[in-house]
Amino acid sequence: MTREEVQAADLKHVWHPFTQADEWEASPPLIVESAKGAVLRDIDGREYLDGVASLWVGVHGHRHPHVDAAVRAQLDRVAHSTLLGITNRPAVELAAALCDRTGYDRVFYSDCGSAAVEIAIKLAFQWQQQRGQTQRTRVAGLRHAYHGDTLGAVSVGGIDLFHAVYRPLLFDAMHLPCPADREDEQALAAQAVAMIHEAGDTLAVLAVEPFVQGAAGMRMHTAAYLEPVMAAAHEVGALVIADEVAVGLGRLERFLATETTRTRPDLVCLGKGLSNGYLPLAATLATERLYDGFREGYGRTFFHGHTFTGNPLACAAGLACLELFESEGTLAHARKLSAHLARLLTEPLPHALSVRRQGLMVAIDLEPVLGPRTGHRVCMAARRRGILLRPLGNTLVLMPPLCMTKEQLTTLLAALTSTLRTV
Ligand SMILES: Cc1ncc(COP(=O)(O)O)c(C=O)c1O
């Protein structure tokens, strides 16, 4: 297909996620043709620095030779085989490596972050039921959390803009207050803890999007809020799920975001960067204590699975990515890059009302200088200067892949500054 044919066929046949139809049709699409490291190239040969890590996914970069080779080698063996009732080498090796790295004991695979969260909720609920705690029917989440777009994940999450229309379809979860930057963390933690205590032994599980509530506009909190809330869930006998689909795998400079918290979540959801975006891959990590609750009797089976659960090709990519954390010192580089980012952000950005950052996750709240769609319009202008960003309303999200070089990050910030100066 020529460029024009691709564009015409896209407009005719493709339904884009989170994309307003008229707005999409109003301007020519960026058609990605190839990529390398932190740079994407479009069908006309123009290059773009990937400032959102291809939607918070990129860790080691596009076309990494080690991951390429692992996927190619696996292609010569088997691309797909089920994990229902049989097993395969890459799924086993990745599970063992993930448990070794994180201290968890069991890995339940799926193919997207939403599914990883659904699985965690269902596992936790069923575990409680099977140990005789049948009164524990309530699920708690944090206000403003985003756990994905499937109905269970939406029920526990709390973003009205995306999900209010589906309310009649959702189950009734408890939504606990969760602070953003300037709010009183201790006061909101105390309110959340009181709600958890009130729910008491009716609460089955609490799900948190720890430290950075990404899709809500990068609302950030600290352990001063998170710690007492997670601890309160354990005090009343509920399980804790950490949804680390966005914050895990190095984006906060550590492998798991919750590895620094005193309260250890019972379940951790990973997705996005797990395969560096090569293939759809997500995982729900669990402790042996949970796994043991599913023994003894066919009726206690976890009757959940997806066609692509444990797909060998995806797991081979995941394993290669995990190896890179060791061989390339990914976390050490992420820390250096994060420090560099902090230095760059000390320079004031035109039209920025506030800038916040944890690790390699940055939010820039803009004055609405171009009206309610300022964020979108700034991103379109930035694109013309060779940088890719995505807005959440009038908040610009900057989330470079962990592999980005300091020089590339400096270039990106300079291009963003000149874009903002001219709007
Ligand atoms: C914290 C969090 N949880 C879950 C999801 C859903 O992941 P997916 O889009 O792979 O279903 C996302 C996606 O952005 C996320 O940020």
Side-chain angles (χ1 to χ4, degrees), residues 15-19 50-59 108-124 139 141-159 161-163 166 173 175 178 180 205-221 226 240-252 256-258 265 267-285 304 306-309 311 314 317-318 321 358-363 389-393 395 397-399 401:
W15 194 327
H16 288 265
F18 278 95
T19 302
D50 188 353
V52 283
S54 296
L55 211 60
W56 316 356
V57 165
V59 177
F108 196 103
Y109 289 114
S110 53
D111 44 23
C112 67
S114 312
V117 173
E118 296 273 342
I119 288 161
I121 296 167
K122 286 177 69 181
L123 273 177
V139 178
L142 306 184
R143 272 180 219 152
H144 315 290
Y146 176 77
H147 296 296
D149 294 325
T150 52
L151 290 177
V154 168
S155 300
V156 180
I159 302 196
L161 171 66
F162 302 161
H163 298 141
Y166 308 114
H175 288 104
C178 181
V205 61
L206 163 72
V208 298
E209 194 189 353
F211 297 106
V212 182
Q213 296 189 303
M218 309 280 278
R219 295 168 57 97
M220 297 184 187
H221 56 258
L226 199 58
V240 174
I241 299 169
D243 174 356
E244 300 214 12
V245 169
V247 296
L249 304 175
R251 234 162 269 288
L252 296 188
L256 292 186
T258 49
L267 294 144
V268 176
C269 306
L270 296 175
K272 292 197 182 281
L274 194 54
S275 71
N276 192 32
Y278 270 62
L279 286 141
L281 181 66
T284 307
L285 311 182
H304 184 115
H306 299 281
T307 303
F308 297 115
T309 293
N311 172 269
C321 292
Q358 280 197 34
L360 290 166
M361 302 177 83
V362 178
L389 296 171
R390 253 190 85 80
L392 286 164
T395 298
V397 174
L398 173 59
M399 219 185 283

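We count ligands from 1, going down the list as the structure has it; atoms in each ligand are counted the same way.
The protein residues lying under 4.0 angstrom from ligand 1, judged by non-hydrogen atoms, are Trp56, Cys112, Gly113, Ser114, Tyr146, His147, Gly148, Glu209, Asp243, Val245, Ala246, Lys272.
Residues Leu249 and Leu274 approach most closely at CD1-N, 3.3 Å, considering heavy atoms.
Within a 6.0 Å radius of CZ in Phe162, other residues, nucleotides and ligands contribute more than 12 heavy atoms. A 6.0 Å sphere centred on CZ of Arg143 holds more than 12 heavy atoms belonging to other residues, nucleotides or ligands.
Taking the six-membered ring where the residue is Trp, His306 and His304 present perpendicular rings, their angle passing 60° and hence far from 30°. Using cut-offs of 30° and 60° for the angle between ring planes, the Phe211 and His221 rings count as parallel.
Judged by distance alone, the side chain of Ser275 and the main-chain N or O of Pro280 form no donor-acceptor pair under 3.5 Å.
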